[in-house]
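First the structure, in the form of structure tokens, and then the observations on it.
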Amino acid sequence: MPAPSITFAGLPYGARTAIEAETGSILRIEDVSTGLNSSLSALAHTAGGVVFLKGLRADHRWVWTQQREADINPYVTPLAPRLLFHVIAEGWDVLGFEAIDDHHADYSPGSPDLPKVTAALQELASLPCPDIELRHAEQRLASYVADPADAEAFAGNALLHTDWNNHNVLITHDRAHLVDWGWATRGAAWLDPAHWIIWLISAGHTPSAAEEAVAFLPTWALAPPRAVDAFADASANLWEEIAGSAPDDWTRSLLDAARRWQQHRNDRS
């Protein structure tokens, strides 16, 4: 379920004051869509520039993702926007990032954004996994595989983003930037391309074309076919759980994409 949204003006006075102590005087606030993982999402225009604000109530069940983003940020810039501050005040947990003049990635077939996204995948694969607390892929997916032993194929020491929603990929004139690192994970390096495949299918690619889009990535070339099959099965089960009994259009599209990829893998085996 998405985190309930709030505007900057709706924050308690103490939280707004603490934020402004970091940003300097805020001249204008531009509230933007919050997505699923944050309640506050806004651009603060100041004399020194623009700061992107992202926040959750300090008692929200996902507030740990705020600290995860703060911890991981030094290890993933400039792939990710630089974190400027982390404020906890009057019941709110808020991160302030450098703002990027960008657009959300277009994953549709033929999109000029696709090469930049694959370059970001390559860049991420080259980064060492930092020695910080991270979830483990084999644990996150263990309940979605038919045999618990299958999940061991997801284990590894690579740093993974795992949430390739196109709203988490910001495209500038020269590159792609990844945001929303709260669900960063330690696991097998081929898993991020595998996660992206489902989003590509949802954006209009056939399962074969989606696999071709990642085929040249070195991490994908090392993926054991049976492990990929197990991941496709786990992803279909995961999206079925997320969709529930009354999915909205967004979750229905991702569930359909995951099922189509699962069938594609089954037909090949």
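Heavy-atom basis, side chains included; hydrogens, waters and symmetry copies ignored. All residue numbers in this chain count up from 1 along the given sequence.
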Legend entry - Atom CG of D101: over 12 foreign heavy atoms under 6.0 Å: no
Legend entry - Electrostatic pair R186:E138 at N-O distance under 4.0 angstrom: no
Inset, instruction - Give a yes or no answer on whether the side chain of R175 reaches the backbone of A119 with a donor-acceptor pair at less than 3.5 Å. - result: no
Inset, instruction - Measure the shortest side-chain to side-chain distance between H264 and S208 over non-hydrogen atoms and say whether it is less than 4.5 angstrom. - result: yes
Legend entry - R265/E211 ion pair, N-O < 4.0 Å: yes
Please list, one pair per line, the donor and acceptor atoms closer than 3.5 Å that link side chains of residues 10-20 to other protein atoms, with sequence neighbours excluded.
unit_1 : atom_1 : unit_2 : atom_2 : d
R16    : NE     : L11    : O      : 3.0
T17    : OG1    : Y13    : O      : 2.9
E20    : OE2    : I26    : N      : 2.7

Legend entry - Ion pair check, R252 and D249, cut-off under 4.0 Å: yes
Inset, instruction - Taking the side chain as every heavy atom from C-beta outward, state whether F154 and V145 have any pair of such atoms under 4.5 Å apart. - result: yes
Inset, instruction - Would you mind listing every ring pair (Phe, Tyr, Trp, His ring centres under 6.0 Å) that reaches into residues 78-131, with sequence neighbours excluded? - result: H104-H167, Y107-W196
Inset, instruction - Spell out, as yes or no, whether a donor-acceptor pair under 3.5 Å connects the side chain of H195 to the backbone of N165. - result: no
Inset, instruction - Determine whether the side chains of D267 and Q263 contain a donor N or O and an acceptor N or O closer than 3.5 Å. - result: yes
Legend entry - L178 backbone acceptor or donor facing W181 side chain under 3.5 Å: yes
Legend entry - Residues D71 and Q67: side-chain donor-acceptor under 3.5 angstrom: yes
Legend entry - Side chains of F231 and D150 in contact at under 4.5 Å (non-hydrogen atoms): no
Legend entry - R140 and T162 side chains, donor-acceptor separation under 3.5 Å: yes
Inset, instruction - For S38 and S41, indicate whether the former's side chain and the latter's backbone hold a donor-acceptor pair under 3.5 Å. - result: no
